[in-house]
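Reviewing the structure listed below.
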Amino acid sequence: MAATLSDSQFRSSEINSYAEGFDELIDSLNSELIIVGLVGLIDTLKPDNPDTVQICRGAGIRFFVVTGDHPGPTTAVAIAAKAGIISNTVHRASDLVDRNPAQEKEEEKDDAEAVVTHELSEQEVPQSIVITGAELETLTSVQEDILCAYREAVFARTTPEQKLHIVRSLQVRGGVVGVTGDGVNDAPALHAADCGVVMGSGSDVAREAADMVLLEDFSAIVVSLEYGRLVYYNLKKMIRTSFPLASEGIYIPFMELMPILLNVLIGVPQMLGNIQMILICGGTSWKSRLTSLSQKRSHVI
C-alpha cells in the first residue's frame with residue numbers, strides 16, 4: 001500500500017484520520033494488493049496454570065472465565081480449554097430453558113413414578129457453558145439460577161457492570177466468590193467479591209479494590225489456599241479440644257470457671273483447688289493441641 005502513495009501523500013503530517021474523506025482514501029488504497037505474509041500474536045498461558053486449576057478443582061473450587069477482550073466466545077473458550085477450565089460439552093444460552101417451577105415439580109413427580117431405564121453418566125451431565133455479555137442481559141432469574149449451577153462457564157465480551165452482576169448473582173445464590181484481575185475494568189468485581197485477588201503487575205485502581213495482591217505467579221494461590229485452610233482446620237481443632245462436648249453436641253465454654261461460679265453463687269464445694277485445675281489443664285491440653293503442628297498442608301486440599 002505504501003508503494004502506491006506519493007511522498008507527499010504518505011507524510012503523516014498531511015494525513016488526518018479524522019478528516020473527511022479519510023475512509024474513502026483507505027478504501028481506494030485497499031485494492032490490487034499482494035499478500036506478502038501474515039503475522040499472528042498469541043498471549044500464551046503460563047506453564048503452571050493447568051496444574052493450578054486442577055489442584056484448585058480438587059479442593060472444590062469452580063472456575064468461571066469472565067473476559068471482555070473479544071467480541072466472539074471462540075478465543076475465550078479455546079484459552080479456557082487449554083487451561084483445563086472447560087472440559088465438557090459446551091452449552092450456549094439457548095440451552096438455558098426458562099421453565100415453570102410448578103411444571104418442574106410435576107415432571108419430577110412423573111419421573112419418580114416412571115421406571116428408570118438409563119442413568120446419566122458423569123460425561124452426560126451438562127457442566128460447561130459459554131455466554132456473551134449481550135446474551136447475559138436477556139436472561140431471566142430462572143435462567144440465571146440454571147447458569148450459576150454450572151461447574152464451568154465462560155463469559156465473553158462482558159462489560160465491567162456485567163462482571164459485577166455475575167459476582168453478585170453468585171453471592172445471592174450462596175456462593176463464596178473470589179475474583180482475579182489486573183485492569184481498571186476489573187475493579188468493581190474485585191471490590192464486590194468475597195476475596196479480590198490482583199496480580200502484581202495490575203493497575204493501581206485494581207490494587208486498591210482488591211483484598212490480596214499476588215507478587216508471584218498464579219500458582220501462589222495454591223499456597224494461599226493450603227495455609228488458609230490449615231489455619232481454619234487448626235482453629236476448629238483448638239475449639240473442640242478446649243471446650244468439652246455435651247451430650248447434645250453443644251460446646252460448653254468456661255468449664256474450668258463453672259465450679260468456681262457454683263461455689264460463689266450457691267455454695268457448692270470445690271472438689272479441686274484453683275491451682276490444681278490450672279495444673280490439670282496445662283498438663284492435659286497441650287498433648288492434643290500439638291497434633292495440629294504435625295498436619296501437612298497438602299492434606300487440607
Side-chain angles (χ1 to χ4, degrees), residues 42-67 69 75-88 90 122 127-130 148-156 158 163 166-167 169-171 173-183 185-204 206-239 290-301:
I42 183 172
D43 188 7
T44 59
L45 293 172
K46 298 294 180 62
D48 57 346
N49 281 0
D51 295 335
T52 302
V53 171
Q54 184 178 3
I55 294 173
C56 292
R57 282 198 164 188
I61 298 174
R62 293 187 297 165
F63 277 86
F64 287 1
V65 177
V66 184
T67 178
D69 294 337
T75 304
V77 172
I79 295 175
K82 287 184 178 180
I85 297 175
I86 293 293
S87 59
N88 295 276
V90 179
E122 186 71 20
Q127 294 180 338
S128 305
I129 188 169
V130 56
C148 293
Y150 274 80
R151 297 183 183 179
E152 306 167 349
V154 174
F155 298 88
T158 55
K163 293 179 182 180
I166 293 170
V167 172
S169 297
L170 292 171
Q171 289 174 335
R173 290 161 179 82
V176 179
V177 183
V179 175
T180 61
D182 56 3
N185 294 335
D186 302 325
L190 288 169
H191 181 71
D194 296 286
C195 181
V197 182
V198 66
M199 304 304 167
S201 59
S203 62
D204 294 336
R207 284 169 172 262
E208 292 292 333
D211 301 304
M212 182 171 59
V213 178
L214 287 182
L215 299 178
E216 300 179 4
D217 51 9
F218 187 70
S219 61
I221 292 181
V222 176
V223 181
S224 302
L225 285 172
E226 290 176 347
Y227 278 108
R229 292 196 176 186
L230 181 62
V231 171
Y232 173 74
Y233 289 135
N234 285 343
L235 285 175
K236 289 175 62 176
K237 292 179 181 179
M238 295 285 289
I239 294 174
L290 281 178
T291 57
S292 60
L293 299 177
S294 61
Q295 185 174 1
K296 297 182 180 180
R297 290 184 286 116
S298 58
H299 291 171
V300 298
I301 296 293

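Not measured: the values here are computed from a predicted model.
Taking every heavy atom of both residues into account, Cys195 and Asp211 meet most closely at CA-OD2, 3.4 Å. Nearest heavy-atom pair across Leu190 and Gly181 is CD2-N, 4.0 Å. Heavy atoms only, all atoms of each residue included: Ala156 and Ala76 are closest at CB-CB, 4.4 Å. Phe63 and Arg57 get closest at one heavy-atom pair: CD1-CG, 4.2 Å. When all heavy atoms are compared, the tightest approach of Ala206 to Gly183 is CB-O, 3.6 Å. Between Ser87 and Ser128, the shortest heavy-atom contact is N-OG, 4.1 Å.
Interatomic distance, Met199 CE to Phe218 CZ, rounded to the nearest 0.5 Å: 5.5 Å. Rounding to the nearest 0.5 Å places CD1 of Ile166 at 4.5 Å from CZ of Phe155. A distance of 10.0 Å separates CG of Leu170 from CG of Asp194, quoted to the nearest 0.5 Å. Between the CD1 atom of Ile86 and the CD atom of Glu152 there is a distance of 5.0 Å, given to the nearest 0.5 Å. Rounded to the nearest 0.5 Å, atoms NZ (Lys82) and OG1 (Thr44) are 8.5 Å apart. Note that OG of Ser219 and CD1 of Ile55 are 8.5 Å apart. Values are rounded to the nearest 0.5 Å.
Side-chain atoms of Asp51 never come within 3.5 Å of backbone atoms of Asp48 as a donor-acceptor pair (strictly under, hydrogens ignored). In terms of modelled atom types and a separation under 3.5 Å, the side chain of Gln171 and the main chain of Ala192 share a donor-acceptor contact.
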Next item on the list: Might you work through the side chain to side chain contact (heavy atoms under 4.5 Å, CB included) test for Arg207 and Asp204, ending with a clear yes or no?
Entry: CA-CA 5 Å; Arg207 284 169 172 262; Asp204 294 336; 4.2 Å; yes
